[in-house]
Amino acid sequence: MRFALDESHEDFASSIDALLTKSDMPAVIRAWNTGDTAPGLKVWQRLAETGVNGLLITEEHDGLGADAVDLVVALEQLGRHAVPGPVVETVAVAPALLAAVAPERLAALAAGSLATVAAAPHTPFAVDADSVDLVLHVDGDAVSTATAGEQHASVDLARRLFEVSPGQALGSTSFDAAFDLGALATAAQLQGLGRTLLDTSVEYVQQRKQFGRVIGSFQAIKHHLADVAVALEMARPLLHGAALAVRDGLPTASRDVSAAKVACGDAAYLAARTALQVHGAIGYTQEYDLSLWITKTRALVTAWGTPDFHRSRVVAALESGVAS
């Protein structure tokens, strides 16, 4: 397998990065945290205009007809900027489900509608079910619309979690492929979050002084940041390899997705812990932008399958002799 991204992928990533860099994402996220979704929805509309919402939707339904590699490229950038809202559900999971049970709804999704999904046991609550255009509920292989119920708190204030009540039945489809896309997209988000946390920490330690020296000159801090950089770089080929496996329908796809989810989650969590260590007490405060990335990382580590679940899936695949 070839893991290097081509020029079109790099250009796509750059266009998303440029769009989000201009959007004052900390202010957008804080508004979303308080229930003011208007600034965030404007960002989502701009993303839809670049094709992000319609990545996995066929051209027949006004999408781009792209694949899992493009998904990873886009979701890593959305992670880097900590975009609020049902990112994974709208871009990855809902298109897979609707293509099977309600393809007539895909064009609206590609145009900028937001969707969220609840699918127990791994995703029992629907993210932002009170502010999206479509809520889906999955029970086994049965897919239906749903309505928001009781809200539950998340460590990430930008992730409002809701119980849902099933509504209109849409049809049945295997949920396995949609789940793998959800886990893969979450892994990509975590990779992006981890990269921003590392970059922010490196910038901070080059400015912060102690005992007359910038703290980035201390060997202990250099080693901690190097460990984060290595963890993120080691996770990247697993992420891209999983995307290729999903794209090509390989028998190892589920195993590879789980390996990527674990590696990206571990690397991002290490980045978050290290960022807190090098920033000191300021890193704990909600007023400091770093906290927005740290709390989202903590929430996504267990989203779309916990680390224990994905590790067990890797082990089970290896024990069953799934080809490498």
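All heavy atoms count here, side chains included; hydrogens, waters and symmetry mates do not.
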>> Just verifying a value: how many Å separate Met234 CE and Leu232 CG, rounded to the nearest 0.5 Å?
In response: 11.5 Å
>> Please verify the inter-ring angle class for Phe175 with Trp304; under 30° counts as parallel, over 60° as perpendicular, anything in between as tilted.
In response: tilted
>> I'd like to know if the side chain of Trp32 and the backbone of Leu41 have a donor-acceptor N/O pair within less than 3.5 Å.
In response: no
> Between Asp248 and Leu250, is there a donor-acceptor pair closer than 3.5 Å when you use the side chain of the first and the backbone of the second?
Replying inline: no
> Is the shortest distance from a Lys or Arg side-chain nitrogen in Arg236 or Glu76 to a carboxylate oxygen in the other one below 4.0 Å?
Replying inline: yes
> With sequence neighbours excluded, what pairs up with Arg105 under the salt bridge (Lys or Arg N to Asp or Glu O under 4.0 Å) test?
Replying inline: none
>> Tell me if a side-chain donor or acceptor on Ser144 pairs with a main-chain N or O of Leu170 at a distance below 3.5 Å.
In response: no
> For the atom pair CG (Leu292) and OG1 (Thr196), what is the distance rounded to the nearest 0.5 Å?
Replying inline: 11.5 Å
>> What I want to find out is whether Arg313 reaches Asp180 closely enough, with some N-O distance under 4.0 Å, to be called a salt bridge.
In response: yes
> Going through the distances and angles, do Thr295 and Arg159 end up as a side chain to side chain donor-acceptor pair (under 3.5 Å)?
Replying inline: CA-CA 10 Å; Thr295 53; Arg159 284 174 62 84; over 6 Å; no
>> Check whether Thr21 reaches the backbone of Asp17 with its side chain - one donor and one acceptor, N or O, closer than 3.5 Å.
In response: yes
Less than 3.5 Å apart, which donor and acceptor atoms pair up between the side chains of residues 107-122 and the rest of the protein, not counting sequence neighbours?
{"residue": "Ser113", "atom": "OG", "partner": "Ala108", "partner atom": "O", "Å": "3.1"}
{"residue": "Thr116", "atom": "OG1", "partner": "Val127", "partner atom": "N", "Å": "3.0"}
{"residue": "Thr116", "atom": "OG1", "partner": "Val127", "partner atom": "O", "Å": "2.7"}

>> Closer than 4.0 angstrom, basic N to acidic O: yes or no for Asp199 and Arg80?
In response: yes
>> Taking Asp256 first and then Lys261, would you say they form a salt bridge - that is, a charged N and a carboxylate O separated by under 4.0 Å?
In response: no
>> Going by the rule ring-ring contact (aromatic ring centres under 6.0 Å, His included), which residues pair with His152 if we only count those two or more places apart in sequence or in a different chain?
In response: Phe125
> Is a side-chain donor or acceptor of Thr200 paired with a backbone partner of Leu197 at a separation under 3.5 angstrom?
Replying inline: no
